[in-house]
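Following: one structure in structure tokens, then a few remarks.
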Number of protein chains: 2
Amino acid sequence: MAKQGREYGGALDQLLELTMLLSADMERGLGELGLTGPRTHLLWVVHHQGPSTQRVLADALGVSARNITGLVDALVDTGFVTREPHPTDRRATLVSLTKHGATVMTQMAADHAELAEGLFGGLGPRQFGAFVTTMTTVLDELRRRVEEAR
Amino acid sequence: MAKQGREYGGALDQLLELTMLLSADMERGLGELGLTGPRTHLLWVVHHQGPSTQRVLADALGVSARNITGLVDALVDTGFVTREPHPTDRRATLVSLTKHGATVMTQMAADHAELAEGLFGGLGPRQFGAFVTTMTTVLDELRRRVEEAR
DNA sequence: CTACATAGTGAAGTATCATCACGATATGGC
DNA sequence: GCCATATCGTGATGATACTTCACTATGTAG
């Protein structure tokens with residue numbers, strides 16, 4: 001109960017540092033494919049949710065709808081996605097992965113798992129479980145605080 | 001030992017989500033002060049390390065030296081830092097916090113601690129200790145992997 | 001059919017990054 | 001002292017990612 005502020009701050013600092021390193025590691029090698037952070041994020045959403053309208057992508061990425069246009073443009077130019085008319089709503093377009101895009105995202109998911117194995121593989125089951133449990137608690141608390149700040 | 005890939009992936013996803021929420025929460029309210037992410041990061045470095053040359057700041061922020069010029073320009077304009085000639089190296093300039101900058105950063109450190117209290121305050125000492133220990137292990141492993149990838 | 005909401009884009013602007021070139025200054029070897 | 005070389009900061013230029021406002025085309029509710 002009597003944990004000191006400095007202890008907390010150190011934990012937060014480490015979380016932030018881990019974050020930055022994670023981002024750097026995840027983005028390594030994507031530049032050669034022309035995949036920047038937001039573009040990769042967009043591909044990730046399409047990979048997980050299937051063909052999506054740009055409105056949906058804007059909400060998923062947390063940016064304005066206007067911004068999605070340019071991201072999709074770039075991904076169409078580099079052959080990762082296609083734009084097709086929405087079957088029922090003629091205002092909307094559906095963004096889908098091309099074969100190339102699907103291949104790249106499948107590989108990325110594999111790399112993702114391999115990175116996780118490298119990170120957590122050295123931990124015993126109990127350590128790993130405690131880590132995930134605590135992280136989940138912290139995440140829930142943070143999400144609650146973020147929500148109530150709106 | 002036989003943890004599954006999906007477990008790992010979930011932990012990583014949560015880490016990334018926590019990251020994003022943390023960033024959003026940390027930046028809340030800074031916009032009113034004209035403090036964007038990189039500018040805040042720069043202030044943070046100066047606050048912790050004292051007056052620094054732009055070269056040092058570039059390395060600390062992980063961006064090109066050229067980029068620091070504009071960030072410092074903006075922070076000088078808004079009164080957070082000053083540029084002074086380096087006492088011994090006439091090529092270099094020293095970036096220091098103004099009184100205003102120091103006040104803001106002290107407040108930010110307090111907010112930081114308060115956020116951490118909100119996040120970790122609900123955890124028992126044992127949970128908290130296990131979390132920090134495991135996070136440190138993961139962080140070290142990640143740092144090792146990032147280093148060897150260079 | 002009219003009023004209003006929504007999907008996507010053009011125009012214009014801002015912030016953060018990069019590389020290349022350059023002048024000013026340090027520094028080490030002679 | 002002198003010269004080659006490295007380093008510090010910045011001007012010029014461009015890419016990427018974001019914004020808001022205005023607009024067209026389309027859907028939807030009354």
Side-chain angles (χ1 to χ4, degrees), chain A residues 19-20 23-24 26-46 49 51-78 80-96, chain B residues 20 23-24 26-28 30-46 49 51-78 80-96:
Chain A
T19 285
M20 288 186 282
S23 305
M26 300 290 281
E27 286 175 11
R28 196 174 309 280
L30 293 178
E32 309 158 8
L33 297 172
L35 286 181
T36 57
R39 294 179 194 173
T40 306
H41 190 181
L42 195 156
L43 284 182
W44 190 256
V45 172
V46 177
Q49 305 195 355
S52 312
T53 66
Q54 298 189 187
R55 177 73 252 166
V56 167
L57 295 175
D59 292 339
L61 269 66
V63 300
S64 73
R66 178 64 186 87
N67 204 3
I68 299 298
T69 302
L71 295 177
V72 173
D73 284 350
L75 289 170
V76 168
D77 286 348
T78 46
F80 286 95
V81 302
T82 58
R83 248 194 272 246
E84 300 159 22
H86 192 286
T88 64
D89 188 340
R90 282 191 297 172
R91 295 169 302 176
T93 62
L94 275 184
V95 178
S96 311
Chain B
M20 289 185 285
S23 304
M26 299 291 281
E27 286 175 12
R28 197 174 308 280
L30 293 177
E32 309 158 8
L33 297 170
L35 286 181
T36 57
R39 294 179 196 172
T40 306
H41 190 181
L42 195 156
L43 284 182
W44 189 258
V45 172
V46 177
Q49 305 194 356
S52 313
T53 66
Q54 298 189 187
R55 176 74 253 165
V56 167
L57 295 175
D59 292 338
L61 269 66
V63 300
S64 72
R66 179 62 187 86
N67 206 358
I68 298 297
T69 302
L71 295 177
V72 173
D73 284 350
L75 289 170
V76 167
D77 286 348
T78 46
F80 286 96
V81 303
T82 57
R83 250 195 270 248
E84 301 160 22
H86 192 286
T88 64
D89 188 339
R90 282 191 297 172
R91 296 169 302 176
T93 62
L94 275 184
V95 178
S96 311

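Numbered from 1 within each chain, the chains take letters A, B, ... in sequence-line order.
Within residues 60-70 of chain A, the residues that have a heavy atom under 4.0 Å from DNA chain D are, in order of number, A:V63, A:S64, A:R66, A:N67.
Scanning for side chain to side chain donor-acceptor pair (under 3.5 Å) contacts around A:Q49 gives an empty result, with sequence neighbours left out. By the side chain to side chain donor-acceptor pair (under 3.5 Å) test, A:S64 is found to be paired with no residue, residues two or more places apart in sequence or in another chain being considered. The side-chain contact (heavy atoms from CB on, under 4.5 Å) test applied to B:V63 returns B:L61, B:N67, B:I68, not counting sequence neighbours. Every residue meeting the side-chain contact (heavy atoms from CB on, under 4.5 Å) condition with B:A65, not counting sequence neighbours, appears here in chain and number order: B:R55, B:A58. A search for side-chain contact (heavy atoms from CB on, under 4.5 Å) contacts involving B:R91 returns B:D89, not counting sequence neighbours. Contacts of A:T78 classified as side chain to side chain donor-acceptor pair (under 3.5 Å), with partners at least two apart in sequence or in another chain: none.
Between the CG atom of B:L57 and the C1' atom of D:dT7 there is a distance of 16 Å, given to the nearest Å. When the P atom of D:dT16 is taken as reference, atom CG of A:L42 falls 15 Å away, rounded to whole Å. Here D:dC8 presents its P atom at 19 Å from CD of B:E84, a figure rounded to the nearest Å. Atom CG in B:D59 sits roughly 14 Å away from atom C1' in D:dG9 (whole-Å rounding). Between the C1' atom of C:dG8 and the CZ atom of A:R83 lies a distance of 9 Å, rounded to the nearest Å. Atom-to-atom, CG of A:D77 to C1' of D:dA15 comes out at 14 Å; the value is rounded to the nearest Å.
Within the structure, every side-chain polar atom (N or O) of B:T53 is placed at least 4.0 Å from both OP1 and OP2 of D:dC8. Using a 4.0 Å cut-off, no side-chain N or O of A:Q54 falls inside it from OP1 or OP2 of C:dT6.
Checking B:L75, B:V72, B:T82 one by one against B:V95, the side chain to side chain contact (heavy atoms under 4.5 Å, CB included) holds for a single residue, B:V72.
Smallest separation of non-hydrogen atoms from B:L43 and B:V81: CD2-CG1, 3.5 Å.
For residues 60-69 of chain A, there are no salt bridge (Lys or Arg N to Asp or Glu O under 4.0 Å) pairs, not counting sequence neighbours.
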Protein-nucleic acid N or O pairs under 3.5 Å, nucleotides 27-30 of chain D:
unit_1	atom_1	unit_2	atom_2	d
D:dG27	OP1	A:R90	N	2.8

